[in-house]
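Nothing here was measured: the structure is a model prediction, and the numbers come from that model. Every chain is numbered from 1 and lettered A, B, ... according to where its sequence line falls, protein lines coming before strand lines.
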2 protein chains.
Amino acid sequence: MVGLHAKVEKSLRSQGVRYTTNRRALIEALENTPGPLTVEEIYRVTEPRIPYSSIYRDVRVLTDTQVLTLHHSADRSNRFELAEWLSGHHHHLVCVACMAISDISLAPAAEGRLSRLADSAAAGAGYRVTGHSLEIEGLCPDCDS
Amino acid sequence: MVGLHAKVEKSLRSQGVRYTTNRRALIEALENTPGPLTVEEIYRVTEPRIPYSSIYRDVRVLTDTQVLTLHHSADRSNRFELAEWLSGHHHHLVCVACMAISDISLAPAAEGRLSRLADSAAAGAGYRVTGHSLEIEGLCPDCDS
DNA sequence: AACAATTTGATAATCATTATCATATATTCA
DNA sequence: TGAATATATGATAATGATTATCAAATTGTT
């Protein structure tokens, strides 16, 4: 089993992009959280501090190189997370009260049903499906009590 | 069968908000398109022209009053659409090539499977589910040829 | 070591969005 | 109907998040 950083480095190298200390720190920050992070959250979590200009540049570079993906949350903020080829296919649980987002994986059987369902719905519209993503809204355990 | 505008007006009135000519024009613009629109697209589509300051204010008012909902597309733009209590429950098809978004409804049986699947996945995480939304990515008929 | 390429961080510029406010329009009620 | 009151409009300024710039630093290469 190859480690996350090795995978990222290999992918970046093949695209002529260096895997620097700053970029490694971003990946580590995202690796250690249950859901996507904003630029500001990355800024607060990394140690030592990385200037905003560098974080903005790096999340963009990492998104352009398919290492990260961008998500938008209901509070209108932009959040980044590891691309699925690094973190595994997953969906999102969004708390409608506190807006927290957490990753969730479906059981294989459920994932299979979801894929077939998406395929047949899209086929009706003439689309060739390349992926899907389910967002489940609800009250998280904290906000529900 | 009550018309769309009557529903919107009633809802807004009950919240002390007026259903003006500008706001009606926004609703009409959104009613006549297959997917969500950006502020700029609304600006171009409405006749006579409504200034940006008014469109921005109105989409915000209409979103705050639950008449519209905000969506984010992969090209990082914000798009507005009629809330589901006005347009009906639906999901989105996103073309990964041209970024167009169109609404899609699932067959009742498929929608039922999706709901159950979302419920049981979320239950495992202690969430109480209030809704769900599926985004299907693929190539639209135009981009696929 | 010398050279070339890329990255960094400070700062300035840009762009989408929101706030301000005087004027206009609609609603209420005496 | 006609004040009086409340809300909406549109021009403009202000804000905030993101991107661009560029000299200095770092990394990779001959």
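Residue-to-nucleotide proximity on DNA chain C shows that, of B/Asn78 and B/Thr21, the 5′-proximal contact is made by B/Asn78. Summary of the strand contacts: B/Val17 and B/Arg76 both lie near DNA chain D, and taking for each the nucleotide with the nearest heavy atom, the more 5' one is attributed to B/Val17.
Here the P atom of nucleotide D/dT15 and the OH atom of B/Tyr56 are 18 Å apart, to the nearest Å. Taking atom CD1 of B/Ile42 as the reference point, atom P of C/dA16 lies 15 Å away to the nearest angstrom. Going from atom OH of A/Tyr19 over to atom C1' of D/dT26 covers 18 Å, rounded to whole Å. Rounding to whole angstrom units, CG of residue A/Asp64 and C1' of D/dT18 are separated by 14 Å. Atom-to-atom, CG of B/Leu70 to C1' of C/dT17 comes out at 12 Å; the value is rounded to the nearest Å. For the pair A/Tyr52 OH and C/dG9 P, the interatomic distance rounds to 15 Å; values are reported in whole Å. Going from atom CZ of A/Phe80 over to atom C1' of D/dA17 covers 11 Å, rounded to whole Å. Separating the CZ atom of B/Arg18 from the P atom of D/dT7 is a distance of 7 Å, rounded to the nearest angstrom.
B/His132 has its ring centre less than 6.0 Å from the ring centre of B/His91.
Counting heavy atoms of neighbouring residues, nucleotides and ligands inside a 6.0 Å radius, atom CZ of B/Arg13 does not exceed 12 of them.
The side chain of A/Asp58 sits closest to C/dT8 out of D/dA11, C/dT27, C/dT8.
Phosphate proximity of D/dG10 to B/Asn22: present, with a side-chain N or O under 4.0 Å from OP1 or OP2. Contact annotation: B/Ser53 side-chain N/O to D/dA11 OP1/OP2 distance is not under 4.0 Å.
Residue B/Arg57 is in base contact, counting any heavy-atom pair closer than 4.0 Å across all strands shown. Within the 4.0 angstrom heavy-atom criterion, only backbone atoms of the sugar-phosphate kind lie near B/Thr20; the bases stay farther away. Contacts of B/Val61 with the nucleic acid, taken as non-hydrogen atoms under 4.0 Å apart, are absent. At a threshold of 4.0 angstrom between heavy atoms, the contacts of A/Arg60 are confined to the sugar-phosphate backbone, with no base atom among them.
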One pair to check against side chain to side chain donor-acceptor pair (under 3.5 Å): B/Glu135 and B/His92. What are the steps and the verdict? CA-CA 5 Å; B/Glu135 186 172 295; B/His92 285 141; 5.5 Å; no
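In this structure the side chain of B/Ile27 reaches within 4.5 angstrom of the side chain of B/Tyr19, judged on heavy atoms.
With A/Leu62 as reference, A/Leu68 is the one residue of A/Leu82, A/Leu30, A/Leu68 to meet the side chain to side chain contact (heavy atoms under 4.5 Å, CB included) rule.
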